[in-house]
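Structure record follows, encoded as structure tokens.
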Amino acid sequence: ALQQSQQKALTRWKKSSQGEFKVILFESPLVAQQYYLANGLSGRVDTPRTFTAQRLALLVLPADDRLLAELPSPPQTILHDFRHEASHLISCDYPELLAAPKWFQEGWAEMWAPLNSGDVSVWPHAHDLHRWFEQLDWNNLTSAPAEVRYSFMAHAAALCLQNSADSQPWMS
């Protein structure tokens, strides 16, 4: 569903398929840490992360919480993180998109990761905090909460996509 939602936007880039993607959801940070060590990976184990060279996305439940692990459907935050990281994985098949600046890549992934929504093409998302936008620019972005920074980058990426039809919309 996520790939179908992105299809129209992805047509500006040439696809070069390179195999399957792998997404792993760990039951706890401890289990994630063991996986990282066993596979020579680095980074915070409690943070969702995509390793594009391995076509691998890793997500972790916030604690070894049996209640969360046994829910019939994942919490919305896990769904959001899944969609965000899966968008990074989809980018692996589009070298020009994968070579975009980090802010654009993060904005792209955030655009496709709505919270509390069944339609992955809906943007802006309900959790966007537009009240911050008047105070923010690229120079003070790091002072904002993560959700606001990612929403800011998603907004910037969406504007670039809207205003440029070429393969490097971030240049606009």
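Computed from a prediction, not measured in an experiment: that's the story for all the values here.
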Nearest heavy-atom neighbours spanning S91 and L97 | OG-CD2, 3.4 Å

Backbone of L161 reached by a side-chain donor or acceptor of S164 within 3.5 Å | no

Any side-chain donor-acceptor pair under 3.5 Å between Q6 and S87?
-> yes

W103 vs F152 side-chain heavy atoms within contact, under 4.5 Å | no

For the atom pair SG (C160) and CE (M153), what is the distance rounded to the nearest 0.5 Å?
-> 13.0 Å

Side-chain contact test, heavy atoms from C-beta onward, threshold under 4.5 Å: evaluate it for R44 versus R49 and give yes or no.
-> yes

Going hydrophobic residue to hydrophobic residue with side-chain gaps under 4.5 angstrom, can you get from M171 over to W13?
-> yes

When hydrophobic residues are tied together by side-chain contacts of less than 4.5 Å, even through go-betweens, does V60 share a cluster with I78?
-> no

Taking the side chain as every heavy atom from C-beta outward, state whether L56 and I24 have any atom pair closer than 4.5 Å.
-> yes

Distance-only polar pair, side chains of E85 and H80, donor-acceptor under 3.5 Å | no

May I ask you to test the T52-L98 pair for a side-chain heavy-atom distance under 4.5 Å?
-> yes

Just say parallel, tilted or perpendicular for the rings of H84 and H88, cut-offs at 30° and 60°.
-> perpendicular

Inter- and intrachain pairs under salt bridge (Lys or Arg N to Asp or Glu O under 4.0 Å), touching residues 89-98, at least two apart | R55-D93

Side-chain heavy atoms under 4.5 angstrom apart, residues restricted to Ile, Leu, Val, Met, Phe, Trp, Tyr: same cluster for L89 and F51?
-> no

Just wondering, do P169 and F104 contact through their side chains at under 4.5 Å, heavy atoms?
-> yes

Write down the atom of G43, the atom of Y36, and the distance for their closest heavy-atom approach.
-> O-CE2, 3.8 Å

Test side chain to side chain contact (heavy atoms under 4.5 Å, CB included) applied to Q54 and K22, step by step | CA-CA 9 Å; Q54 294 90 348; K22 186 174 185 179; over 6 Å; no

State, yes or no, whether a side-chain contact exists between W108 and L10 at a heavy-atom distance under 4.5 Å.
-> yes

Sequence-distant partners of N39, side-chain hydrogen bond (donor to acceptor under 3.5 Å, both in side chains), two or more places apart = none

Check step by step if side chain to side chain contact (heavy atoms under 4.5 Å, CB included) holds for Y150 and E106.
-> CA-CA 7 Å; Y150 277 73; E106 292 301 333; 3.0 Å; yes

Given side chain to side chain contact (heavy atoms under 4.5 Å, CB included), test Q33 with D46 step by step and report yes or no.
-> CA-CA 8 Å; Q33 183 178 28; D46 60 345; over 6 Å; no

Drop me the distance from D166's CG to S172's OG, to the nearest 0.5 angstrom.
-> 7.5 Å

Going by the angle between their ring planes, with limits at 30° and 60°, are F26 and Y35 parallel, tilted or perpendicular?
-> tilted

Residues L58, V23; criterion side chain to side chain contact (heavy atoms under 4.5 Å, CB included); working and verdict | CA-CA 6 Å; L58 304 176; V23 179; over 6 Å; no

Side-chain heavy-atom pair S5, W112 within 4.5 angstrom cut-off | yes

Under 4.5 Å between side-chain heavy atoms, hopping through other hydrophobics if needed: is there a path connecting L59 to L41?
-> no

Minimum side-chain heavy-atom gap R83-M111 below 4.5 Å = no

